[in-house]
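What you see below is based on every heavy atom in this structure, not just the backbone, and it leaves out hydrogens, waters and symmetry mates.
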Amino acid sequence: MARASSARRHPSGDIPVARRAGAARQRRRGSGPVVGLAAVVAVVAGGATVLLGTNRTAPVQPAQSLEIEGFRQRPDEDGRLLGHFPYEEVPPDQRVSFEPGIELHVDAANALDAMMQAGLTDGVDLRLLSGYRSLSLQESIFFDIASERNQSAEERAQVSAPPGYSEHSTGYAVDLGDGEAPETNLSQSFEQTRAFRWLQDNAARYHFILSFPRGNQQGVMYEPWHWRFQGTAAALRQFEAARRFTSRRL
């Protein structure tokens, strides 16, 4: 069931207002994948996407280098670029429209729908602010805003991933807000809302985890609004390198 969106503010300016990328498609609970947007260039994650069951102590293999025009930085030996791991882009036929202008991987969409319904039962109004992002959109978010703010690549990477290195490309990552406190959208003050406290207590039931907690090992800014779905084998494989990187340094 589609929801009406509340007024949203984006005080950081790092995430653009969700854009309509064509005619909206209504999600259907329990339905199979729906054909999405036109195909975009797939990102090859190489060895950074590792199979489950491998030795956790084995080094993460470097990912295939992504040629980004005008970008001199190169991935580290473990595949990270400025702290971010590379991610494969979700194929169009595995994306569905969750809300007008916002798409998700079909598995993440089903889980998020269930989680939002549970939140409503508990009096919490979770709102989806951002989901899947194409490589071209992520490129704009990274480079254009960095230019506007006179930020170096290293400074920009603390708050936004380079194209090809964003969890949002997988369709499994979501930015969430509180419908009762839209002024906290995409702000660290979101941690003070009922929605965030509810997520801390309940998100794992729906296989969502906080991607960048305070003091995270990747060196990415604390983002209480950014959660990723890990409820299928495919989703676990996507984020295995990031999980192992964090686990082996605890």
Side-chain angles (χ1 to χ4, degrees), residues 1-29 31-43 87-117 119-120 124-145 148 159-161 163-187 190 195 199 206 208 211 223-229 235:
M1 179 179 66
R3 301 161 182 263
S5 299
S6 64
R8 299 169 182 165
R9 290 198 333 179
H10 300 267
S12 67
D14 291 310
I15 311 299
V17 174
R19 303 175 183 175
R20 181 184 295 272
R25 295 182 301 281
Q26 297 300 319
R27 55 196 160 131
R28 295 176 300 209
R29 300 189 67 174
S31 64
V34 178
V35 175
L37 303 176
V40 293
V41 179
V43 179
Y87 293 105
E88 295 179 355
E89 190 165 31
V90 56
D93 64 353
Q94 295 178 24
R95 301 198 305 260
V96 294
S97 178
F98 193 86
E99 291 183 359
I102 307 181
E103 293 187 312
L104 294 174
H105 189 287
V106 61
D107 294 332
N110 288 333
L112 179 62
D113 186 59
M115 186 167 72
M116 294 174 80
Q117 293 296 331
L120 283 176
V124 173
D125 187 9
L126 293 171
R127 297 299 178 100
L128 177 62
L129 306 179
S130 183
Y132 161 75
R133 296 184 204 146
S134 67
L135 293 178
S136 60
L137 176 55
Q138 191 65 33
E139 182 176 4
S140 175
I141 292 172
F142 188 87
F143 289 108
D144 293 350
I145 296 180
E148 291 173 5
V159 297
S160 183
Y165 292 80
S166 173
E167 292 185 354
H168 284 282
S169 296
T170 68
Y172 293 125
V174 296
D175 292 336
L176 299 175
D178 189 330
E180 300 300 320
E183 69 278 2
T184 66
N185 286 354
L186 304 174
S187 166
F190 176 63
L199 286 167
Y206 304 91
F208 283 92
S211 292
E223 296 185 347
W225 62 86
H226 182 105
W227 299 73
R228 69 185 185 225
F229 173 75

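Taking Ala111 as the reference, Phe208, Phe229 meet the side-chain contact (heavy atoms from CB on, under 4.5 Å) condition, with sequence neighbours excluded. Applying the ring pair (Phe, Tyr, Trp, His ring centres under 6.0 Å) rule to His105 yields the partners Tyr172; only residues at least two apart in sequence or on another chain are considered.
In terms of heavy atoms, Arg133 sits closest to Ser130 at NE-OG, 3.2 Å. In terms of heavy-atom proximity, Leu128 sits nearest to Met116 at N-CE, 4.3 Å. Contact between Ser97 and Glu103 at its shortest, heavy atoms only, is CA-CG, 4.2 Å. Contact between Ser187 and Pro224 at its shortest, heavy atoms only, is O-CG, 4.0 Å.
Rounding to the nearest 0.5 angstrom, the gap separating the CG atom in Leu104 from the OG1 atom in Thr170 is 9.5 Å. With values rounded to the nearest 0.5 angstrom, Tyr206 atom OH is found 11.0 Å from Leu199 atom CG. How far CG of Leu176 is from CH2 of Trp227: 8.0 Å, rounded to the nearest 0.5 Å. Atoms CD and CG, on Glu223 and Leu186 in that order, are 8.5 Å from each other to the nearest 0.5 Å. Atoms CD and CD, from Gln94 and Glu89 in turn, are 11.5 Å apart once rounded to the nearest 0.5 Å. Interatomic distance, CG of Asn185 versus CG of Asp175, reported as 9.5 Å (0.5 Å rounding).
For the 3.5 Å distance criterion, the side chains of Gln138 and Tyr165 fail to qualify, holding no donor opposite an acceptor.
At distances below 3.5 Å, not a single donor-acceptor pair connects side-chain atoms of Ser166 with backbone N or O atoms of Pro163. Judged by distance alone, the side chain of His168 and the main-chain N or O of Gly131 form a donor-acceptor pair under 3.5 Å. Looking at Arg95, its side chain does come within 3.5 Å of a backbone N or O of Val90 through a donor-acceptor pair. Checked by atom type and distance alone, the side chain of Asp178 pairs as donor or acceptor with a backbone atom of Ala195 at under 3.5 Å.
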